[in-house]
Protein chains: 2
Amino acid sequence: MDTKSLMIEKATLLFQQKGYKSVGVSEILKACDVTKGALYHHFPNGKEELLIACLKSLKEAITIDMEDIFKRHSSTQEATQFMINKLIRNLETEGKLTGYTFSSIVSEMATVSEPVRQACNSLYENIQTIYYTKLVTEGFSNEAASDVALLMTTSIEGAIMLCQTQQSTAPLKTISKLLPTILKG
Amino acid sequence: MDTKSLMIEKATLLFQQKGYKSVGVSEILKACDVTKGALYHHFPNGKEELLIACLKSLKEAITIDMEDIFKRHSSTQEATQFMINKLIRNLETEGKLTGYTFSSIVSEMATVSEPVRQACNSLYENIQTIYYTKLVTEGFSNEAASDVALLMTTSIEGAIMLCQTQQSTAPLKTISKLLPTILKG
DNA sequence: CCTTACATACCAACCGGTCTGTTTGCTATT
DNA sequence: AATAGCAAACAGACCGGTTGGTATGTAAGG
């Protein structure tokens with residue numbers, strides 16, 4: 001793999017796990033086994049530009065992944081439950097959440113850096129659009145679909161945070177169980 | 001006010017707004033107009049001990065505030081909607097979220113520091129207990145009340161994050177609107 | 001031969017934390 | 001009541017380590 005992609009991949013993982021400020025450039029460099037020359041060659045504006053590249057890459061990855069899941073399951077409920085299960089499995093095997101979440105970056109950077117905020121916003125919008133589209137095909141009105149998509153996004157994102165503090169997958173499992181309620185519209 | 005309380009108050013605000021790593025001790029010191037001597041006198045273990053003190057103080061403040069709201073409103077729905085409105089007003093006037101949230105600390109520190117994780121967990125548990133208690137008095141079964149309390153917590157916490165990225169209060173407003181759905185059990 | 005893709009050395013700024021004063025207020029003794 | 005003593009409550013200088021970032025060097029490829 002080329003150096004640039006490698007750096008984005010490794011940095012994404014580190015940022016997701018530890019947040020932005022907690023990860024030093026030297027740490028990223030070490031993980032990729034490259035030096036500063038490489039970083040500032042590919043990302044002239046340094047760390048923050050790398051973060052934004054990570055968010056864009058993450059957006060693509062999540063979109064592809066979710067769209068595939070939502071294509072393969074007939075109902076929103078089944079698809080979402082499958083997705084949450086994937087999150088849970090991920091959390092159980094790796095110990096840390098490295099899948100769809102990037103909440104640390106949001107809460108740490110959204111109020112500080114405008115470009116980062118926009119990248120995060122774009123990511124959330126994409127996720128909600130996937131829910132929305134599926135819900136509309138199921139007969140939901142535009143408004144109802146939009147509302148439910150938001151509720152799904154927030155409750156899953158919130159559940160991920162609770163899983164971190166509780167060090168258990170219970171919150172995500174409960175949300176998965178409550179999906180029928182959420183999807184009542 | 002005594003120095004220690006002042007430091008907790010100012011630091012809490014800064015930690016909520018910027019996260020943990022992003023706030024330097026010197027920044028806190030400047031905000032309080034004190035010096036390092038004062039900090040390491042009251043908090044011998046430094047910055048992290050101060051953070052934990054902030055979380056404990058925040059827990060008390062939130063508990064008192066929420067219990068008061070839930071005492072003054074007959075139904076869970078009314079109480080929660082009032083609470084969300086308060087969050088929205090807070091967000092609109094101050095521009096930043098300084099009320100109930102501390103998501104930045106969770107996602108940044110939960111996987112790094114065990115004492116901090118426990119403090120955050122204790123805070124979330126308190127919030128859920130307040131919901132739970134009220135729901136049980138309304139006739140919910142123990143399990144249903146527990147589930148709904150979780151869903152309320154996660155969706156509000158998630159909505160706060162979306163408000164930050166969108167720079168709007170729309171997500172919280174939508175969650176407030178969807179409360180009847182959430183409370184169907 | 002000149003651009004791309006790095007490596008390496010270097011830097012000022014800042015980080016959290018420690019150490020050593022110094023002031024202040026209470027308290028026990030005379 | 002005066003004073004001695006002593007601990008609490010800071011202030012401020014200082015420290016090694018790390019931070020993100022830059023400037024220069026260099027090897028490879030077209």
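So you know, we letter chains A, B, ... as the sequences are listed, proteins then strands, and number each from 1.
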Measure [atom1]/[X] against [atom2]/[N] and give the value in whole Å, please.
X	N	atom1	atom2	value
B:Leu39	D:dA9	CG	C1'	13 Å
A:His41	D:dA27	NE2	C1'	14 Å
A:Lys21	C:dC14	NZ	P	12 Å
A:Leu6	C:dC6	CG	P	10 Å
A:Lys18	D:dT19	NZ	P	10 Å
A:Ile28	D:dT18	CD1	P	17 Å
B:Leu29	D:dA13	CG	C1'	14 Å
A:Asn45	D:dG20	CG	P	15 Å

Can you tell me if the side-chain N/O atoms of [X] get under 4.0 Å from OP1 or OP2 in [N]?
X	N	result
B:His42	D:dC10	yes
B:Ser26	C:dC14	no
B:Thr3	D:dC10	yes

- Mapping A:Pro44 and A:Glu27 onto DNA chain D by nearest heavy atom, which one lands closer to the 5' end?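 Nearest-nucleotide comparison on DNA chain D picks A:Glu27.
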[X] has a side chain; which of [options] sits nearest to it?
X	options	result
A:Tyr40	D:dA11, C:dG16, D:dG20	D:dG20
B:Lys36	C:dG17, D:dG20, C:dT8	C:dG17
A:Thr35	C:dT8, C:dT18, D:dA11	C:dT8

- Message: Under 6.0 Å between ring centres: does that hold for B:Phe70 and B:Tyr131?
- Response: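 Between B:Phe70 and B:Tyr131, the centre distance is under 6.0 Å.
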- Task: Please confirm whether B:Tyr20 and B:Phe102 have ring centers closer than 6.0 angstrom.
- Result: no
- Among A:Lys86, A:Lys59, A:Arg72, A:Lys71, the one residue meeting salt bridge (charged side-chain N to carboxylate O under 4.0 Å, His left out) with A:Asp65: A:Lys86
- Task: Measure the CE-CG distance between B:Met7 and B:Leu39 for me, rounded to the nearest 0.5 Å.
- Result: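 B:Met7 CE to B:Leu39 CG: 4.0 Å, rounded to 0.5 Å.
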- Message: So, applying side chain to side chain contact (heavy atoms under 4.5 Å, CB included) with A:Cys163, which one of A:Leu172, A:Thr101, A:Ile88, A:Ile175 is it?
- Response: A:Leu172
